[in-house]
Amino acid sequence: MSISSEHKPLGKQVTGSLHTLSPIVELNVGGEMYTTTLSTLKKHPGSKLAEMFTGQPKLRTDSEGRFFIDRPGTYFKYILEYLRSNQVPTQCIQDVYKEALFYDIEPLIKQLEDSPQIFGELVARKQFLACVPNYSENIELMIRIARAEAVASRRSSVIVCVVRTEEDVARCQDALNSLDMDKKSVVKFGPWKAAPSIYDLLDCIQMDIEAKGYKISFQPHIAEKGFRFKSHDFFYKFLFTWW
């Protein structure tokens, strides 16, 4: 059975040169509709956004003929506001920053990186976590352990050992040898050479696991009576709540 020639695709490749188009441009960005001008979109010639509308067409159109960009449309309005009036957004900073990076609008990227939210994340927190060995890998290990223990349970816990200095490493190992638990299930963080404290690191762990959608809390891990070390000097219990 042959396919009807009347069947139309959902989108089509634009033909011809963008120079022949109207200076008024209609956009469909992830389902959000915008109307602007070619000059606005091409305001920063070195950007990826400008390249989309320079020379030969690089975009498809939707069924109504609007240029389609497969990105979150909600935040594109902030991109347009900046292109139109140099207004740096004060809302949804993290999300707008991701879009500015995608569209490669260098002046907006730099201004957003000076905002307290992005500056604090990139310059302060990320730089600190870069000093903590295997931080990202340990986060993933914690999640795997918690998920493995979640069968038919409302909560599961993961024991974390945190050592701030090289001197604490040996003491922590002695304490770990004295604990009545499977040492393979204890996730160790540190040591690091940076100003933030142990509780700063614990807050970072909680923030990054919560950012992945998990509900989590932590508290010092209190060992059984007679334990010869103060376990809360090194050990903390992270509690995952599943329902």
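Keep in mind that this is a model prediction, so the values were computed, not measured. Values reported hereafter were calculated over all heavy atoms of this structure, with side chains retained and with hydrogens, waters and symmetry mates removed.
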Does anything in residues 161-170 pair up under side-chain hydrogen bond (donor to acceptor under 3.5 Å, both in side chains), and if so which pairs, sequence neighbours excluded? Thr165-Glu167, Thr165-Asp168, Asp168-Arg171
What are the two closest heavy atoms between Val132 and Gly190, and how far apart are they? CG1-N, 4.1 Å
Decide if the gap between the ring center of Tyr103 and the ring center of Tyr75 is smaller than 6.0 angstrom. no
My understanding is that only residues two or more places apart in sequence, or in another chain, count here; which of them pass side chain to side chain contact (heavy atoms under 4.5 Å, CB included) with Ala150? Ser156, Trp242
State, to 0.1 Å, how close Glu140 and Lys212 come at their nearest heavy-atom pair, and which atoms those are. OE2-NZ, 3.1 Å
Trace of the side chain to side chain donor-acceptor pair (under 3.5 Å) decision for Gln111 with Tyr82: CA-CA 11 Å; Gln111 290 183 70; Tyr82 178 76; 2.9 Å; yes
Give the minimum heavy-atom separation between Glu113 and Ile118, together with the two atoms involved. CA-CG2, 3.7 Å
Before accepting this row, confirm whether a basic side-chain N of the pair Arg125/Asp203 lies closer than 4.0 Å to the acidic partner's carboxylate O. no
Closest heavy-atom pair and its distance - Phe218, Gln206: CE2-OE1, 3.2 Å
Distance alone, cut at 3.5 Å: any donor-acceptor contact between the side chains of Glu99 and Tyr78? no
Evaluate ring-ring contact (aromatic ring centres under 6.0 Å, His included) for Phe76 paired with Phe102, printing each intermediate quantity in order. CA-CA 11 Å; Phe76 190 73; Phe102 173 78; over 10 Å; no
List, one per line, each side-chain donor-acceptor pair under 3.5 Å for residues 30-40, sequence neighbours excluded.
{"residue": "Tyr34", "atom": "OH", "partner": "Gly73", "partner atom": "O", "Å": "2.5"}
{"residue": "Tyr34", "atom": "OH", "partner": "Lys77", "partner atom": "N", "Å": "3.4"}
{"residue": "Thr37", "atom": "OG1", "partner": "Ser39", "partner atom": "OG", "Å": "3.0"}
{"residue": "Thr37", "atom": "OG1", "partner": "Thr40", "partner atom": "N", "Å": "3.1"}
{"residue": "Thr37", "atom": "OG1", "partner": "Thr40", "partner atom": "OG1", "Å": "2.9"}

Which value, rounded to the nearest 0.5 Å, describes the distance between Arg144 atom CZ and Ser185 atom OG? 13.5 Å
